[in-house]
Amino acid sequence: MTKNIDNFLEQKNIRPTAMRILIFKYLNGQNVATSLTDIENAFDKSDRTTLYRTLKTFEENGIVHTIDDGSGVTKYALCEENCQCDVETDLHLHFHCNLCNETVCLTNHKIPQINLPEGYLAEDVNLVVKGVCDKCNSI
């Protein structure tokens, strides 16, 4: 699997360092969007700056996308395969649970194209639905 991650990162023009591979594996194993603090707690011997730079590198190269779920903490999630984080084709809904405070990507629910007035140019769209997730709702 590490060889596949190496190849994937190289295809995205990212040098596959040990830390980048570990962070990718960690994100790949998450069902929910993850904060820098969550990642820092998972890699307690790592430098916060290194982790942040890795996430920024992943974001700039289309491996992760950021989510502003209204909690005041940026969350990160792996992009879908072939995602370009394009405003018109790739953006999807996110769901933030008010009880467990987790945020999940609802990748099968794309954000519909929004027709802006002439002269306006969308650079990012973020749609977060807030409520109670299926896990908390079944308790």
Side-chain angles (χ1 to χ4, degrees):
M1 179 172 176
T2 302
K3 191 65 174 163
N4 291 342
I5 296 171
D6 286 0
N7 292 339
F8 176 74
L9 293 176
E10 287 173 352
Q11 288 172 0
K12 296 284 191 171
N13 297 316
I14 298 173
R15 194 167 48 88
T17 64
M19 183 52 69
R20 289 173 177 168
I21 292 167
L22 287 171
I23 292 173
F24 183 88
K25 284 182 180 179
Y26 175 80
L27 291 171
N28 195 40
Q30 302 303 303
N31 309 359
V32 298
T34 308
S35 70
L36 175 59
T37 301
D38 294 332
I39 296 169
E40 187 177 22
N41 291 337
F43 298 98
D44 59 348
K45 302 243 189 266
S46 297
D47 177 56
R48 183 177 179 88
T49 303
T50 300
L51 298 175
Y52 178 76
R53 285 183 182 155
T54 298
L55 290 171
K56 290 313 276 179
T57 298
F58 282 4
E59 181 184 3
E60 290 165 0
N61 289 280
I63 294 175
V64 300
H65 63 278
T66 60
I67 302 157
D68 176 1
D69 61 10
S71 66
V73 177
T74 300
K75 307 268 178 69
Y76 300 87
L78 287 179
C79 290
E80 294 179 280
E81 190 174 335
N82 299 320
C83 175
Q84 301 299 315
C85 290
D86 181 62
V87 170
E88 298 194 12
T89 59
D90 293 319
L91 300 184
H92 54 266
L93 295 176
H94 296 97
F95 187 91
H96 179 78
C97 180
N98 292 325
L99 296 179
C100 67
N101 208 32
E102 290 183 342
T103 300
V104 296
C105 294
L106 301 176
T107 54
N108 291 332
H109 301 279
K110 300 296 182 194
I111 295 175
Q113 186 172 353
I114 299 168
N115 295 319
L116 295 173
E118 190 173 325
Y120 288 78
L121 176 64
E123 293 179 346
D124 188 28
V125 176
N126 186 30
L127 185 54
V128 178
V129 177
K130 295 184 179 198
V132 179
C133 69
D134 61 343
K135 186 171 55 177
C136 292
N137 200 21
S138 64
I139 296 176

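Values in this document were obtained by computation on a predicted structure and should not be read as measured data.
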Enquirer: Give a yes or no answer on whether the side chain of N61 reaches the backbone of T57 with a donor-acceptor pair at less than 3.5 Å.
Expert: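 Yes; judged by distance alone, with no hydrogens or angles, the pair exists.
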Enquirer: Is the backbone of S35 close enough, under 3.5 Å, to the side chain of D38 for a donor and an acceptor to pair up by distance?
Expert: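 Checking the backbone N and O of S35 against the side chain of D38, a donor-acceptor pair under 3.5 Å is found.
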Enquirer: Of the non-hydrogen atoms in H96 and S71, which two are nearest, and what is the gap between them?
Expert: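 Closest approach of H96 to S71: CE1-CB, 4.5 Å.
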Enquirer: With the 4.5 Å side-chain cut-off for hydrophobic clustering, are V73 and V64 part of the same group?
Expert: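 No, it is not one cluster - the side chains of V73 and V64 are not joined through contacts under 4.5 Å.
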Enquirer: Might you point out which heavy atoms bring C136 and C100 nearest each other, and give the distance in Å?
Expert: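 Nearest heavy atoms, C136 then C100: SG-CB, 3.6 Å.
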Enquirer: Under a 4.5 Å cut-off applied to non-hydrogen side-chain atoms, are L78 and I63 in contact?
Expert: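 Touching, per the 4.5 Å side-chain cut-off.
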Enquirer: What I'd like to find out is whether the side chain of S46 reaches to under 4.5 Å of the side chain of M19, using heavy atoms alone.
Expert: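 Result yes, sub-4.5 Å side-chain heavy-atom pair found.
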Enquirer: Would you please indicate if the ring centroids of Y76 and F58 are separated by under 6.0 Å?
Expert: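 Between F58 and Y76, which both carry aromatic rings, the centre distance is not below 6.0 Å.
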Enquirer: Supply the atom-to-atom distance L9 CG to N4 CG, rounded to the nearest 0.5 angstrom.
Expert: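 It comes to 11.0 Å.
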Enquirer: CG/D6 to CD/Q11 distance, rounded to the nearest 0.5 angstrom?
Expert: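 Answer for the CG-CD pair, D6 versus Q11, is 11.0 Å.
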Enquirer: Is it true that L106 and L99 fall in one hydrophobic cluster, defined by side-chain heavy atoms closer than 4.5 Å?
Expert: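 No: no chain of side-chain contacts under 4.5 Å links L106 to L99.
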Enquirer: Considering the options K130, K75, H65, which one meets the side-chain hydrogen bond (donor to acceptor under 3.5 Å, both in side chains) requirement together with H94?
Expert: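 The option that passes is H65.
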Enquirer: Would you say that T17 contacts T54 through its side chain, given a criterion of any heavy-atom pair below 4.5 Å between the two side chains?
Expert: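 Of all side-chain heavy-atom pairs linking T54 with T17, none is under 4.5 Å.
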Enquirer: Given side chains that start at C-beta, do those of F43 and T50 come closer than 4.5 Å, heavy atoms only?
Expert: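 With C-beta onward as the side chain, the pair stays apart.
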Enquirer: Atom CG of N28 and atom CD1 of I5: how far apart are they, to the nearest 0.5 Å?
Expert: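 Output value for this atom pair is 7.0 Å.
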Enquirer: If hydrophobic clusters are built by linking Ile, Leu, Val, Met, Phe, Trp and Tyr wherever their side-chain heavy atoms come under 4.5 Å apart, do I67 and V32 end up in the same one?
Expert: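 No, I67 and V32 fall in different hydrophobic clusters.
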Enquirer: Ignoring hydrogens, what is the shortest heavy-atom contact between P16 and I21? Give both atom names and the distance.
Expert: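 It is O-CD1, 3.7 Å.
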Enquirer: Starting from L127, can I reach F95 by hopping between I/L/V/M/F/W/Y residues whose side chains sit under 4.5 Å apart?
Expert: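 F95 clusters together with L127.
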Enquirer: Within the side chain of D69, is there an N or O that forms a donor-acceptor pair under 3.5 Å with the backbone of T103?
Expert: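 Flag not set: sc D69 to bb T103 has no pair under 3.5 Å.
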Enquirer: From R53 CZ over to E60 CD, what is the distance, rounded to the nearest 0.5 angstrom?
Expert: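 Rounded to the nearest 0.5 Å, the CZ-CD separation comes to 11.5 Å.
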Enquirer: As an exercise, state the distance from CG of L51 to CD1 of I23, rounded to the nearest 0.5 Å.
Expert: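 One gets 4.5 Å once the value is rounded to the nearest 0.5 Å.
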Enquirer: If you draw a 6.0 Å radius around CZ in R48, do more than 12 non-hydrogen atoms from other residues or ligands fall strictly inside?
Expert: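 Enclosed.
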Enquirer: Report whether V128 and L93 are members of the same hydrophobic cluster (ILVMFWY, side-chain heavy atoms less than 4.5 Å apart, transitive linking).
Expert: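 No: no chain of side-chain contacts under 4.5 Å links V128 to L93.
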Enquirer: If you round to the nearest 0.5 Å, how far is CG of L36 from CG of L55?
Expert: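 Taking CG in L55 and CG in L36, the distance rounds to 6.0 Å.
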Enquirer: For a quick test of reading the model, state the closest non-hydrogen atom pair linking C97 to V132 and the distance between them.
Expert: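 Looking at all heavy atoms of both residues, the closest pair is SG-CA, 3.9 Å.
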